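Read the structure below first, then the notes.
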Amino acid sequence: MFNLIRRDVILQKRQLLLLIPAILFFIIMNVHPAFIFLFASIYVPINTYVYDEKTETNFLLNSLPYTRKEIIASRYIGAIVYMLLGTGLTSVILLIFKKSFSFTDISISISLFLLFVSLVFPLFYIFKQGYISSIVLFSFILSAILGPRIVLFLAEHLPAITEFLIGLSMPTVYIGVTLIVMAAYGTSWGFTTFIYQRKVL
């Protein structure tokens, strides 16, 4: 399984060279740190899927001595590894350029990343190849645009929930969000494994 994760890094080494300039661009444009962390986390996992879609790597992977369960596990474990690396790299660059960020920024980006992966990864095994990249790009843009508006709408029209959340302590909020994100990630992992084990290539 480790070799599958390492394969993704080797295949994406050229794309990785573009990650640092992209982070620098966002810093220059004064983009919110949480979004920069999110972008850096998503970059490699999504690029890997897009590359595999273009080259139809699934046929090759299934000819190797790995089970489909192991292939999916490498995707989900690899995503966490790349998220940690992307977060670390972004933190170093932000510190070098003396741009302030907080633990909350990192927490928000990690939560959004895991939720985004939970929603997107199954799509690569549900939809026909050739359309997935467009769907993922559209989903990312749509979530970036509508996400904050949905939160504001719910806050305005559901005051009882807003008051309840405001009344919670920060540790409670962090624990609650962590449990929800972990549940979503685990469910997505199991669902994707279920789909892929029954998928005819």
Side-chain angles (χ1 to χ4, degrees), residues 5 8-54 75-124 127 130-156 162 165-166 170 173-174 177-178 180-182 184-185 188:
I5 298 174
D8 295 341
V9 176
I10 294 173
L11 291 175
Q12 294 298 322
K13 59 185 178 181
R14 288 186 178 179
Q15 295 296 330
L16 286 171
L17 295 176
L18 299 176
L19 178 57
I20 294 178
I23 293 174
L24 293 176
F25 172 77
F26 288 132
I27 291 175
I28 293 171
M29 296 301 294
N30 203 29
V31 174
H32 194 282
F35 179 84
I36 301 176
F37 282 118
L38 177 60
F39 172 81
S41 299
I42 287 176
Y43 189 81
V44 174
I46 297 303
N47 265 330
T48 300
Y49 266 114
V50 171
Y51 174 84
D52 288 349
E53 180 187 5
K54 290 179 180 179
R75 298 295 197 187
Y76 279 82
I77 294 173
I80 294 176
V81 172
Y82 303 135
M83 175 196 72
L84 295 174
L85 292 175
T87 300
L89 176 63
T90 303
S91 299
V92 170
I93 295 175
L94 287 171
L95 288 172
I96 290 174
F97 283 84
K98 298 180 180 180
K99 296 291 184 178
S100 62
F101 63 93
S102 64
F103 177 74
T104 301
D105 296 328
I106 296 176
S107 299
I108 290 172
S109 70
I110 289 175
S111 299
L112 291 176
F113 168 77
L114 294 176
L115 287 175
F116 182 78
V117 166
S118 299
L119 293 173
V120 168
F121 274 19
L123 299 180
F124 285 96
F127 293 100
Y131 302 95
I132 307 171
S133 301
S134 301
I135 293 173
V136 170
L137 179 61
F138 177 76
S139 301
F140 183 74
I141 295 174
L142 191 65
S143 61
I145 295 174
L146 296 183
R149 296 186 181 185
I150 292 174
V151 172
L152 289 174
F153 176 83
L154 293 176
E156 291 176 0
T162 304
L165 293 175
I166 292 175
M170 288 308 296
V173 172
Y174 279 125
V177 170
T178 300
I180 291 172
V181 169
M182 289 177 62
Y185 201 73
S188 174

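Since this is a predicted model, take the numbers as computed values, not measurements.
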Interatomic distance, CG@Leu94 vs CD1@Ile27, rounded to 0.5 Å, equals 4.5 Å
*asked:* Is there a side chain to side chain contact (heavy atoms under 4.5 Å, CB included) between Ile80 and Tyr185? Walk through the geometry before answering.
replied: CA-CA 11 Å; Ile80 294 176; Tyr185 201 73; 3.7 Å; yes
Rounded to the nearest 0.5 Å, the CD1 atom of Ile93 sits from the NZ atom of Lys99 at a distance of 13.0 Å
**Prompt:** Do Phe25 and Val31 come within less than 4.5 Å of each other through their side chains, counting heavy atoms only?
**Reply:** no
Output for pair (Leu24 CG, Ile96 CD1), nearest 0.5 Å, gives 9.0 Å
Closest heavy-atom pair, Ser41 versus Pro45, reported as atoms and distance to 0.1 Å, is O-CD, 3.3 Å
Those residues at least two apart in sequence (or on a different chain) that pass side-chain hydrogen bond (donor to acceptor under 3.5 Å, both in side chains) with Tyr76 are Ser188, Thr192
Between the CD1 atom in Ile23 and the OH atom in Tyr43, the distance rounded to the nearest 0.5 Å is 9.5 Å
To the nearest 0.5 Å, atom CZ of Phe26 lies from atom CG of Leu38 at 10.0 Å
I would like to know whether Ser109 and Phe39 meet side chain to side chain contact (heavy atoms under 4.5 Å, CB included); could you show each step before the answer?
-> CA-CA 9 Å; Ser109 70; Phe39 172 81; over 6 Å; no
Interatomic distance, CD1@Ile110 vs CD1@Ile106, rounded to 0.5 Å, equals 6.5 Å
Under 3.5 Å, side chain of Thr90 to main-chain N/O of Thr87, donor-acceptor pair present? no
Q | Ile28/Phe97 under side chain to side chain contact (heavy atoms under 4.5 Å, CB included): CA gap, chis, key distance, verdict | A | CA-CA 10 Å; Ile28 293 171; Phe97 283 84; over 6 Å; no
Hits for side chain to side chain contact (heavy atoms under 4.5 Å, CB included) against Ala184, two or more places apart or cross-chain, chain-then-number order -> Leu115, Ser118
Smallest heavy-atom separation, Phe121 atom then Arg75 atom, equals CE2-O, 3.7 Å
| Verdict with supporting geometry, Phe35 and Leu112, side chain to side chain contact (heavy atoms under 4.5 Å, CB included) | CA-CA 9 Å; Phe35 179 84; Leu112 291 176; over 6 Å; no
Query raised in the report: Hey, are the side chains of Phe37 and Ile108 touching, using non-hydrogen atoms and a 4.5 Å cut-off?
Result: no
Those residues at least two apart in sequence (or on a different chain) that pass side-chain hydrogen bond (donor to acceptor under 3.5 Å, both in side chains) with Ser102 are Asp105
